[in-house]
Asks: 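Submitted below is the structure of interest, expressed as structure tokens.
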Amino acid sequence: MNDWQKKSPLDWEKYVNKMVKVAAIEKQEYEGWALTVDPVSASIVLATFQESEEVSITVVMGHAIQEVEILKEGDDEMKQRLSCLFAPEEGKAYSPEELEKRKVSLKTWLETNHIPVTEEGESGRTICVAGVLTIDPPYGPEQCSSSNEIILSRVQGLIQGYLEKDQ
């Protein structure tokens with residue numbers, strides 16, 4: 001186990017949202033903005049921004065890391081940019097009021113079509129369909145989750161049709 005792997009998650013957190021240079025085995029070097037460090041494998045995820053505004057993601061495996069050097073602190077704008085890299089597009093566009101309106105509308109539509117629906121979670125944000133499928137905000141087909149593939153597929157199709165009709 002190398003020195004990097006022996007660090008604690010609190011030590012690794014000091015590198016997040018900073019421009020770093022990672023020295024790895026076989027004289028490999030990587031530079032980028034540290035998005036996160038996996039606490040199990042000690043792997044570091046780096047993001048580099050290309051000229052065309054595209055983002056390149058590199059994962060350097062923890063066992064290969066020899067040294068990590070901080071090159072530059074991230075400002076608030078960069079921290080915001082990094083935090084949005086993996087956020088779903090739909091989730092960013094809705095205010096709490098809009099999410100509540102979407103939830104109530106979908107729940108009412110499902111109940112009108114005789115589909116049993118309940119609300120789950122601490123704040124009732126999750127819709128539960130027939131006790132076997134959940135729908136999280138922003139309540140689209142992509143946010144459906146179920147271990148039953150047939151029910152999942154059918155409910156996703158229903159929601160997709162409902163959303164297309166609603167627009």
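Throughout, numbering of the chain's residues begins at 1 and tracks the sequence. Hydrogens, waters and symmetry mates play no part in the numbers below; they use all other heavy atoms, side chains included.
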Asks: Measure the shortest side-chain to side-chain distance between Y15 and K7 over non-hydrogen atoms and say whether it is less than 4.5 angstrom.
Replies: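 The answer is yes, as the side chains (C-beta and beyond) meet within the 4.5 Å cut-off.
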Asks: Cluster question for you: counting only ILVMFWY and a side-chain heavy-atom cut-off of under 4.5 Å, with indirect links fine, are L158 and L152 together?
Replies: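 As far as the 4.5 Å side-chain criterion goes, L152 and L158 are connected within one cluster.
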Asks: Do you know which two heavy atoms are closest between L85 and V55, and how far apart they sit?
Replies: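 Smallest interatomic distance, heavy atoms only, reads CD2-CG2, 3.7 Å.
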Asks: Does some side-chain heavy atom of I135 sit less than 4.5 Å from a side-chain heavy atom of L133?
Replies: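 Yes; the side chains approach each other to less than 4.5 Å.
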Asks: Shared ILVMFWY cluster between V155 and L163, side chains joined below 4.5 angstrom?
Replies: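 Per the 4.5 Å side-chain linkage, V155 and L163 are co-clustered.
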Asks: Is a donor on one side and an acceptor on the other found under 3.5 Å between the side chain of Q156 and the backbone of P141?
Replies: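 Present.
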Asks: Hey, what do you get for CD (E29) to CD (E67), rounding to the nearest 0.5 Å?
Replies: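 Atom-to-atom, E29:CD and E67:CD are 9.0 Å apart.
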Asks: Do the side chain of D3 and the main chain of Q66 share a donor and acceptor less than 3.5 angstrom apart?
Replies: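 Not confirmed, D3 side chain does not pair with Q66 backbone.
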Asks: Do E149 and S153 make a side-chain contact, defined as non-hydrogen atoms from C-beta onward lying under 4.5 Å apart?
Replies: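 No; the side chains remain at least 4.5 Å from each other.
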Asks: Would you please test F49 and L82 for side chain to side chain contact (heavy atoms under 4.5 Å, CB included) and show each step?
Replies: CA-CA 10 Å; F49 297 95; L82 292 169; 3.9 Å; yes
Asks: Between D38 and S43, is there a side-chain donor-acceptor contact under 3.5 Å, judged purely by atom types and distance?
Replies: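 No pair is found: no donor N or O on one side chain lies under 3.5 Å from an acceptor on the other.
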Asks: Hey, what do you get for SG (C84) to NZ (K79), rounding to the nearest 0.5 Å?
Replies: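 NZ of K79 is found 14.0 Å from SG of C84.
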Asks: Could you check whether K103 pairs with E119 (Lys NZ or Arg NE/NH1/NH2 to Asp/Glu carboxylate O, under 4.0 Å)?
Replies: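 The answer is yes: the pair qualifies as a salt bridge.
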Asks: Report yes if some heavy atom in the side chain of V22 is under 4.5 Å from a heavy atom in the side chain of L46; otherwise report no.
Replies: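 Yes. Closest side-chain heavy atoms under 4.5 Å.
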Asks: Would you kindly check if the NZ (Lys) or CZ (Arg) of R125 is within the cone defined by 45 degrees around the ring axis of Y139 and under 6.0 Å from the six-membered ring centre?
Replies: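 Cation-pi check for R125 and Y139: fails.
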Asks: Are side-chain heavy atoms of L110 and V129 found at a separation under 4.5 Å?
Replies: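 Sidechains of V129 and L110: in contact.
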Asks: With a 3.5 Å distance limit and no angle check, can you tell me whether T108 reaches the backbone of V104 through a side-chain donor-acceptor pair?
Replies: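 Looks like yes, one N/O pair under 3.5 Å.
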Asks: When you measure from the side chain of E100 to the backbone N and O of E97, does any donor-acceptor pair fall under 3.5 Å?
Replies: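 No; zero donor-acceptor contacts below 3.5 Å.
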Asks: Going by atom types alone, do E164 and Q160 pair a side-chain donor with an acceptor below 3.5 Å?
Replies: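 Indeed, the side chains of E164 and Q160 share at least one donor-acceptor pair under 3.5 Å.
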Asks: Do K107 and E111 touch side chain to side chain, with heavy atoms closer than 4.5 Å?
Replies: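 Counting from C-beta outward, K107 and E111 do come under 4.5 Å.
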Asks: Could you grab the distance from atom CZ of R154 to atom CD1 of I115, nearest 0.5 Å is fine?
Replies: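 Going from the CZ atom of R154 to the CD1 atom of I115 covers 11.5 Å.
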Asks: Once rounded to the nearest 0.5 Å, what's the spacing between atom CZ of R81 and atom OG of S83?
Replies: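 If we round to the nearest 0.5 Å, R81:CZ and S83:OG are 11.5 Å apart.
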Asks: Counting heavy atoms not belonging to R102, are there more than 12 under 6.0 Å from its CZ?
Replies: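 Atom CZ in R102 is crowded, with more than 12 foreign heavy atoms closer than 6.0 Å.
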Asks: Are the side chains of V59 and I44 in contact, using a 4.5 Å heavy-atom criterion?
Replies: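 When only atoms from C-beta onward are counted, V59 and I44 do not touch, as no gap falls below 4.5 Å.
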Asks: More than 12 foreign heavy atoms under 6.0 Å from CD of E77: is that the case here?
Replies: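 Not buried by this count: 12 neighbours or fewer within 6.0 Å.
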Asks: Spell out, yes or no, whether V132 and L106 are grouped together once hydrophobic residues are joined by side-chain heavy atoms under 4.5 Å, including indirect joins.
Replies: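 They do share one cluster, since a chain of ILVMFWY contacts under 4.5 Å joins V132 to L106.
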Asks: In terms of the angle between their ring planes, are W4 and W12 parallel, tilted or perpendicular, with boundaries placed at 30° and 60°?
Replies: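 It falls in the tilted class, 30° to 60°.
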Asks: Could you give the distance from CG (N17) to CH2 (W33), rounded to the nearest 0.5 Å?
Replies: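 If I round to the nearest 0.5 Å, the distance is 8.5 Å.
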Asks: Does K14 reach the main-chain N or O of L10 with its side chain, forming a donor-acceptor pair under 3.5 Å?
Replies: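 No, because the side chain of K14 does not come within donor-acceptor range (under 3.5 Å) of the backbone of L10.
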Asks: Counting heavy atoms not belonging to Q5, are there more than 12 under 6.0 Å from its CD?
Replies: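 Yes.
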Asks: Using distance alone, with no hydrogens and no angle criterion, decide if S105 and Y162 have a side-chain donor and acceptor under 3.5 Å apart.
Replies: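 A donor-acceptor contact under 3.5 Å links the two side chains.
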Asks: When hydrophobic residues are tied together by side-chain contacts of less than 4.5 Å, even through go-betweens, does V37 share a cluster with M19?
Replies: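 No, no single cluster joins them.
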Asks: If we only count heavy atoms from C-beta on, is the I127 to D136 side-chain gap below 4.5 Å?
Replies: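 No - every pair of side-chain heavy atoms lies 4.5 Å or more apart.
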Asks: Rounded to the nearest 0.5 Å, how far does CG of L71 lie from NZ of K21?
Replies: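 Rounded to the nearest 0.5 Å, the NZ-CG separation comes out at 6.0 Å.
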Asks: Consider only side-chain heavy atoms of I, L, V, M, F, W and Y, link residues closer than 4.5 Å, and tell whether V16 and V45 are in one cluster.
Replies: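 The answer is no; the residues belong to distinct hydrophobic clusters.
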